Amino acid sequence: MNIDEELKPLRAQIDEIDAQIVELLNRRAEVVKKVGAVKGSTNAPVYRPDREAEVLRKVWAQSKGAMTEKGISSIFKEIMSACRALEHKARVAYLGPQGTFSELAMLRQFGAGVDGIACERIDDVFHAVEAGSADYGIVPIENSTEGAVNRSMDCLQLTNLTIIAETSIPINHNLLTTSGRMDGVKRVYSHPQSLGQCVSWLNRHYPQLERVPAASNGEAARLASLDPESAAIAGEAAAEHYGLKIAYPSIQDQSTNRTRFVVLGKEGTSPSKAPGKDKTSLIISVPHKAGALFQALKPLYDHGVSMTRFESRPAKRGSWEYFFYVDIEGHCDDPKVRSALDDFRSSCASFKNLGSYPIANEESGSEDKGTKL
């Protein structure tokens, strides 16, 4: 028996299963349209990151076969994205142009069933959502190598928008040129964060290159595509979009390099049904006196609330004052978190709750059922 004959019955089984999957997807879509009608009558938001996180947890818990967590998550995110678009195709602002890691993060979080709006600056992402020209925005907030993205943090201080979700993606930087070689290349463009993430590699291999900051890695790739004497540090998507070739792959200094992004919206989220699956972000300042910061943070200890991130940024008032950016475990509507925040607020000179949202799955690729989403 030749291989085609041997595979024929197996392919027939796959065709039969595919037909069943299509039928079930259409059944799901019909139910989603009914959900949309109910939401439309009450003006409820179409995108519910807390609900979608719950769906992903459930389907992974129900998986008994060979599929990995990452595979299950990717498939169901696209299913939810396509069904969500039947209710309303969301407009999502991101740091452009096309080919940036911000665009990749948007697609990872929302799926392909959205209209992406590329913005020139991080500030423009905030403005697009605030003005209503975008339903949601997504911005980088911190990198595992370079730390906080300062412009995003400053914009969070000024905005009335709420953080409603987060996603974390691995960052793989490539050195791109028009030819795929470095002959005659005199400069390299990239976002300042990316230059910092590749500084040791550049110092070892091409210390003579002029390093030119760009507004984004997508913009760096666009600039490099116009000049054979220029290179760019960017991802594969940027290389493909701008017709560049990879001269050197994976030049980031840390193989575990990741960037965390937050999703911005106008509506808050509900607490996750599973305990310990939410995070709350805050911005505070404290009076200028001895022990003020200790006293401000003490309610977290008193109420058993864990702090997972603490960053400071100048208040830019010319008086050496600082804002502190704090992430804590739990949703602001959880009883112990609510009690902690009530005490916390009274100890601060200023207090801003940026929002509560589901904790992102790191998508490590683990197949261990003990590490569920």
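Computed from a predicted model, the values in this text were never measured in an experiment. For reference, positions follow the sequence shown, starting with 1. These values consider heavy atoms only, across backbone and side chains, with no hydrogens, waters or symmetry-generated copies.
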Peer 1: Can you confirm whether Glu236 is buried at CD, in the sense that more than 12 heavy atoms of other residues, nucleotides or ligands lie under 6.0 Å from that atom?
Peer 2: no

Peer 1: Side chains of residues 180-187: which donor-acceptor partners sit under 3.5 Å, not counting sequence neighbours?
Peer 2:
unit_1: Arg187; atom_1: NH1; unit_2: Asp227; atom_2: OD2; d: 2.8
unit_1: Arg187; atom_1: NH1; unit_2: Ser230; atom_2: OG; d: 3.0

Peer 1: Can you say whether the rings of Phe110 and Tyr136 are parallel (under 30°), tilted (30 to 60°) or perpendicular (over 60°)?
Peer 2: tilted

Peer 1: Does Lys8 come within less than 4.0 Å of Glu5, counting only side-chain N to carboxylate O?
Peer 2: no

Peer 1: Do the side chains of Leu107 and Ile171 join up, straight or via other hydrophobic residues, at under 4.5 Å, putting them in one cluster?
Peer 2: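 Cluster IDs for Leu107 and Ile171 match.
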
Peer 1: Quick one, Val188 and Tyr206 - any side-chain contact, counting heavy atoms below 4.5 Å?
Peer 2: no

Peer 1: Around Glu267, counting heavy atoms of other residues, nucleotides and ligands shown, do more than 12 lie under 6.0 Å from its CD?
Peer 2: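 Atom CD in Glu267 is not packed in, count stays at 12 or less.
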
Peer 1: Would Tyr325 and Ile141 show up in the same hydrophobic cluster when neighbours are defined by side-chain heavy atoms closer than 4.5 Å?
Peer 2: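 The answer is yes; both residues are in one hydrophobic cluster.
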
Peer 1: For atom NZ of Lys266, is the number of surrounding heavy atoms from other residues, nucleotides or ligands below 6.0 Å larger than 12?
Peer 2: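 It does: Lys266 NZ has more than 12 such atoms within range.
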
Peer 1: Can a donor-acceptor pair be found, under 3.5 Å and without considering hydrogens, that links the side chain of Ser285 to the backbone of Ser350?
Peer 2: yes

Peer 1: Taking Asp115 first and then Arg91, would you say they form a salt bridge - that is, a charged N and a carboxylate O separated by under 4.0 Å?
Peer 2: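 Judged by the 4.0 Å cut-off on N to carboxylate O distance, Asp115 and Arg91 do not form a salt bridge.
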
Peer 1: Within a reach of under 6.0 Å around OH of Tyr301, are more than 12 heavy atoms found that belong to other residues, nucleotides or ligands?
Peer 2: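 No - once you tally the heavy atoms of other residues, nucleotides and ligands closer than 6.0 Å, there are 12 at most.
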
Peer 1: Once you measure the plane-to-plane angle for His173 and Phe101, does it fall in the parallel (<30°), tilted (30-60°) or perpendicular (>60°) bin?
Peer 2: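 Plane angle over 60°, so perpendicular.
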
Peer 1: Quick check: do Leu56 and Lys77 have side-chain heavy atoms less than 4.5 Å from each other?
Peer 2: yes

Peer 1: Do the side chains of Leu176 and Tyr242 get nearer than 4.5 Å, heavy atoms only?
Peer 2: no

Peer 1: So does Pro335 get a backbone contact from the side chain of Ser339, meaning a donor-acceptor N/O pair under 3.5 Å?
Peer 2: yes

Peer 1: Test side-chain contact (heavy atoms from CB on, under 4.5 Å) on Ser347 and Lys298 and set out the steps.
Peer 2: CA-CA 9 Å; Ser347 303; Lys298 189 173 180 294; over 6 Å; no

Peer 1: Between Glu103 (side chain) and Gly99 (backbone), is there a donor-acceptor pair under 3.5 Å?
Peer 2: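 Between the backbone of Gly99 and the side chain of Glu103 there is a qualifying donor-acceptor contact (under 3.5 Å).
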
Peer 1: Would you please say whether a donor-acceptor pair under 3.5 Å links the side chains of Asp253 and Gln197?
Peer 2: no

Peer 1: With no hydrogens and no angle check, do the side chains of Asn172 and Ser250 hold a donor and an acceptor under 3.5 Å apart?
Peer 2: yes

Peer 1: Taking only Lys NZ, Arg NE, NH1 and NH2, and the carboxylate oxygens of Asp or Glu, determine whether Lys58 and Glu54 approach each other closer than 4.0 Å.
Peer 2: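 Between Glu54 and Lys58 there is a salt bridge, with a charged N closer than 4.0 Å to a carboxylate O.
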
Peer 1: Could you tell me whether a side-chain N or O of Thr145 sits under 3.5 Å from a main-chain N or O of Asn257, the two making a donor and an acceptor?
Peer 2: no

Peer 1: Do the side-chain N and O atoms of Arg258 and Ser168 include a donor-acceptor pair separated by under 3.5 angstrom?
Peer 2: yes

Peer 1: When clusters are formed by joining ILVMFWY residues with side-chain heavy atoms under 4.5 Å apart, either directly or through shared neighbours, do Val129 and Val149 land in the same one?
Peer 2: yes

Peer 1: Less than 4.0 angstrom from a charged side-chain N to a carboxylate O is my criterion; do Arg222 and Glu219 meet it?
Peer 2: yes

Peer 1: Going by heavy atoms in the side chains, are Pro314 and Tyr322 under 4.5 Å from each other?
Peer 2: yes

Peer 1: Between Asn143 and Thr259, does the side-chain hydrogen bond (donor to acceptor under 3.5 Å, both in side chains) criterion hold? Intermediate values first, please.
Peer 2: CA-CA 4 Å; Asn143 175 263; Thr259 294; 2.9 Å; yes

Peer 1: Are the charged groups of Arg48 and Asp50 less than 4.0 angstrom apart, N to O?
Peer 2: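 Between Asp50 and Arg48 there is a salt bridge, with a charged N closer than 4.0 Å to a carboxylate O.
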
Peer 1: Is it true that Asp278 and Ser272 share a donor-acceptor pair across their side chains at a distance under 3.5 Å?
Peer 2: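 Per modelled atom types, Ser272 and Asp278 side chains form a pair under 3.5 Å.
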
Peer 1: May I ask whether Val55 and Leu24 are part of the same hydrophobic cluster, defined by side-chain heavy atoms of I, L, V, M, F, W, Y residues being less than 4.5 angstrom apart, directly or through others?
Peer 2: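 No, Val55 and Leu24 fall in different hydrophobic clusters.
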
Peer 1: Can Ile164 be reached from Met153 by stepping across I, L, V, M, F, W or Y side chains whose heavy atoms are under 4.5 Å apart?
Peer 2: no

Peer 1: Judged by atom type as modelled, is there a donor-acceptor pair below 3.5 Å linking the side chain of Asp124 to the main-chain atoms of Arg121?
Peer 2: yes

Peer 1: Other residues, nucleotides and ligands only: do more than 12 of their heavy atoms fall within 6.0 Å of CZ on Arg27?
Peer 2: no

Peer 1: Would you check if the side chain of Glu166 reaches a backbone N or O of Ala360 as a donor-acceptor pair within less than 3.5 Å?
Peer 2: yes

